[in-house]
Amino acid sequence: MSLGSILIVDDDPDILLTARLVLKRVFTNISTESNPHLLPNRLQSESFDLLLLDMNFTTGFTSGNEGLRWLKKILKLYPGGKIVLMTAYGDIDLAVRAMQAGAEDFIVKPWDNDELIAKLRKVMEKDPAPTLSPSRELSFAKELELEMLGNAPSMQRIQADIQKIAPSQANILILGENGTGKELAARAIHMASDRRQQAFVQVDLGAITEGLFESEMFGHVKGAFTDANSDRIGRFESAQGGTLFLDEIGNLSLSMQAKLLTALQSRQIQAVGSNKPIQLDFRLICATNRSLQEMVQQQSFRQDLLYRINTVSLELPPLRHRNGDIPLLLAHFIELYAQKYEKEPIQITVDLLRQLEHYPWPGNVRELQHAVERAIIMDDPMSLLPFQPLANDKGVPPEAKEKEMLQRTLKRNQGNLSKTALELGWARSTLYRKLEKYGLESSQ
């Protein structure tokens, strides 16, 4: 009896050839794929009854996390699809994780041919399941963009906390250095809440001047001031029913803090030029890379506002404190940008991976993300390195390494501060402080 169509995904051509020869006796159609990053295109253009998926694709990676991530992505788009995982690294714990994540079965390489056929036949003879077909229109790339990744204990705690606090209406303060993923955490909270069908409105408070604060946040009516040619709703009203995310809240002046506090306490606002109150209904999430407690002590941030926005706080760890997540993040961004630019994924050697794991990543995940994007565009894995190892690196103080990295990045960008800040994942204000600290100059 024919078992239908199967797609075999493995980066070893010998495995693909062997599987094709063995399974042609029982499957009508057999397709193979050596590059998992091409799965989105294959699944959006072809139909398969079964997917046989390897668990490790990147050189030096043997944890099985790549296969598990692909499994979860595929099942999110095709719930109930039949997927069997295979690996050369037999591990009962990995098998359990795979089955818990939705795999139908687990095969260890090298396999016994009769056992392989028996397992796949048993899977196919189960209750009918949805075919892995191009009927779904969800985008893999969109799913990837919204993922908050991390297997480090600190990230596992963050993810668990998000699931706990998301259903509540509590105001949340997200802390962390630039580039650690504060916006991503805010979006994850929104998507896990009962407000996820409503708007997520993000406001960069560092970009709003004091003179425009009320108009931007509360809105205005026609004729309220010069150039107010029509009514305009503010960010508060735009977030009605949803989530309002106030980023860089530590950048607000004391007068703007007072106006914000009044609105949050009364849960209502008035548009500039109007005397009609507007009742507010949104979930408030704020974020900053600054220590608000220190600012309170310095009397540059209102203590009552801090209490108002800080019912629950989350602090995201810097990447240098969870460098074990670098392989996972690398695979994620390689996948994302290979799709975006329609290019082949770059290959990461063990030596290159070790260098990346030992780099301090001052710009955190954002810096790593930009480095991967650059490497994909240039088709050059070595351009992942935003630095050159210092001579006699052992014992070199972290500040010396950071200064060296900053000098090289400035030189690579010909002194352009905007490009340098973007590549390092730093805010302009952070870059200015570092330049002053190390006595460096630029062309801008």
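- Under the rule for a side-chain contact (heavy atoms from CB on, under 4.5 Å), the partners of Arg232 that lie at least two apart in sequence or sit in another chain are Glu216, His220.
- Take Lys437 and apply the side-chain hydrogen bond (donor to acceptor under 3.5 Å, both in side chains) test, not counting sequence neighbours, and it matches Glu399.
- Contact between Arg235 and Val201 at its shortest, heavy atoms only, is O-CG1, 4.1 Å.
- Here Glu357 pairs with Arg354 in a salt bridge; the nearest charged N to carboxylate O distance falls below 4.0 Å.
- For the side-chain hydrogen bond (donor to acceptor under 3.5 Å, both in side chains) test, no residue two or more places apart in sequence or in another chain qualifies with Asp105.
- In this structure, Asn275 has no side-chain contact (heavy atoms from CB on, under 4.5 Å) partners at least two apart in sequence or on a different chain.
- Asp281 meets the side-chain hydrogen bond (donor to acceptor under 3.5 Å, both in side chains) test with Arg195; sequence neighbours excluded.
- Side-chain contact between Leu51 and Ile83 is present, with heavy atoms from C-beta onward closer than 4.5 Å.
- Residues forming a side-chain hydrogen bond (donor to acceptor under 3.5 Å, both in side chains) with Thr180 (at least two apart in sequence, or on another chain): none.
- The main-chain N or O of Leu306 is never found under 3.5 Å from a side-chain atom of Asn310 such that the two would form a donor-acceptor pair.
- Pairs engaging residues 312-321 under the side chain to side chain donor-acceptor pair (under 3.5 Å) rule: Glu177-Arg320 [sequence neighbours left out].
- A salt bridge between Asp10 and Lys109 is present, with a side-chain N of the basic residue lying under 4.0 Å from a carboxylate O of the acidic one.
- Judged purely by atom type and a 3.5 angstrom limit, Asp247 has no side-chain atom pairing as donor or acceptor with the backbone of Glu183.
- In this view, Tyr341 and Tyr337, Lys343, Glu373, Ile376, Ile377 satisfy the side-chain contact (heavy atoms from CB on, under 4.5 Å) rule, not counting sequence neighbours.
- The salt bridge (Lys or Arg N to Asp or Glu O under 4.0 Å) contacts involving residues 290-304 comprise Arg302-Asp304, where partners must be two or more places apart or lie in separate chains.
- Separating the CD atom in Gln299 from the CG atom in Leu254 is a distance of 9.0 Å, to the nearest 0.5 Å.
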For residues 267-274, please give each side-chain donor-acceptor pair under 3.5 Å, one per line with the distance, not counting sequence neighbours.
residue, atom, partner, partner atom, Å
Arg267, NH2, Phe282, O, 3.1
Gln268, OE1, Gln279, NE2, 2.7
Ser274, OG, Lys276, N, 3.0

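- Residue pairs meeting the side chain to side chain donor-acceptor pair (under 3.5 Å) criterion with at least one partner in residues 202-211, sequence neighbours excluded, are Glu210-Ser253, Glu210-Ser255.
- Looking at residues two or more places apart in sequence or on another chain, you find a side-chain contact (heavy atoms from CB on, under 4.5 Å) between Ala103 and Leu71, Leu85, Ala98.
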